Amino acid sequence: QVQLVESGGGSVQAGDSLRLSCAASGRTFRNYAMGWFRQAPGKEREFVAAIMWSGSYQNSVKGRFTISRDNAKNTVYLQMNSLKPEDPAVYYCAASSRGGGIWVTVREYDYWGQGTQVTVSS
């Protein structure tokens with residue numbers, strides 16, 4: 001069982017940066033592939049970024065967002081730069097027990113955090 005707790009969301013201006021953090025419980029964190037998803041009102045939850053050993057990104061965030069993980073701290077991060085008006089959503093951290101690989105769909109993840117709100121004003 002893995003519990004995930006996100007933090008770092010907030011309200012910023014377009015062009016600003018935010019760093020989201022996701023702290024995971026458990027001693028086998030390094031064995032899980034980790035992902036970030038987001039869900040805007042009225043829309044489906046969508047893939048943003050994922051990491052096992054290296055990151056993979058949705059096209060719309062490539063070059064602006066960076067996913068990283070610190071296995072010693074059981075934490076995964078999402079550094080979001082140059083935020084745009086289309087980025088606001090609730091951002092969710094997720095863990096996949098499928099392990100090695102990059103997983104981009106909701107159903108490939110087993111554990112989810114409660115989400116953290118990101119708001120961007122233009």
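This is a predicted model, so every value here is computed, not measured.
Hydrophobic clustering (ILVMFWY, side-chain heavy atoms < 4.5 Å, transitive): Y92 and M34 are in distinct clusters.
A donor-acceptor pair under 3.5 Å is absent between the side-chain atoms of D87 and the main chain of V120, judged by distance alone. At distances below 3.5 Å, at least one donor-acceptor pair connects side-chain atoms of E6 with backbone N or O atoms of C93. No donor-acceptor pair closer than 3.5 Å links the side chain of R30 to the backbone N or O of D70.
Within a 6.0 Å radius of CD in E86, more than 12 heavy atoms belonging to other residues, nucleotides or ligands are found. Counted within 6.0 Å of CD on Q3, heavy atoms from surrounding residues, nucleotides or ligands total 12 or fewer; the atom is thus considered open.
The side-chain heavy atoms of V2 and F29, taken from C-beta on, include no pair separated by under 4.5 Å. A 4.5 Å side-chain heavy-atom check between V76 and I67 finds at least one atom pair inside the cut-off. A 4.5 Å side-chain heavy-atom check between Q39 and E46 finds every atom pair outside the cut-off. Looking at heavy atoms from C-beta onward, K84 lies in side-chain contact with R64 at the 4.5 angstrom threshold.
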Let me check something: any side-chain donor-acceptor pairs from residues 9-24 under 3.5 Å, sequence neighbours excluded? List them with distances.
| from | atom 1 | to | atom 2 | distance (Å) |
| --- | --- | --- | --- | --- |
| D16 | OD2 | Q13 | N | 3.2 |
| S17 | OG | N81 | OD1 | 2.9 |

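For N31, the side chain to side chain contact (heavy atoms under 4.5 Å, CB included) partners at least two apart in sequence or on another chain are T28. Under the salt bridge (charged side-chain N to carboxylate O under 4.0 Å, His left out) criterion, R45 pairs with no residue, sequence neighbours left out. Annotation: salt bridge (charged side-chain N to carboxylate O under 4.0 Å, His left out) contacts of R98 (sequence neighbours excluded): none.
Screening residues 106-122 for salt bridge (Lys or Arg N to Asp or Glu O under 4.0 Å) gives no qualifying pairs among residues at least two apart or on separate chains. Pairs passing the ring pair (Phe, Tyr, Trp, His ring centres under 6.0 Å) check and including a residue from residues 37-65, sequence neighbours excluded, read F37-F47, F37-Y109, F37-W112.
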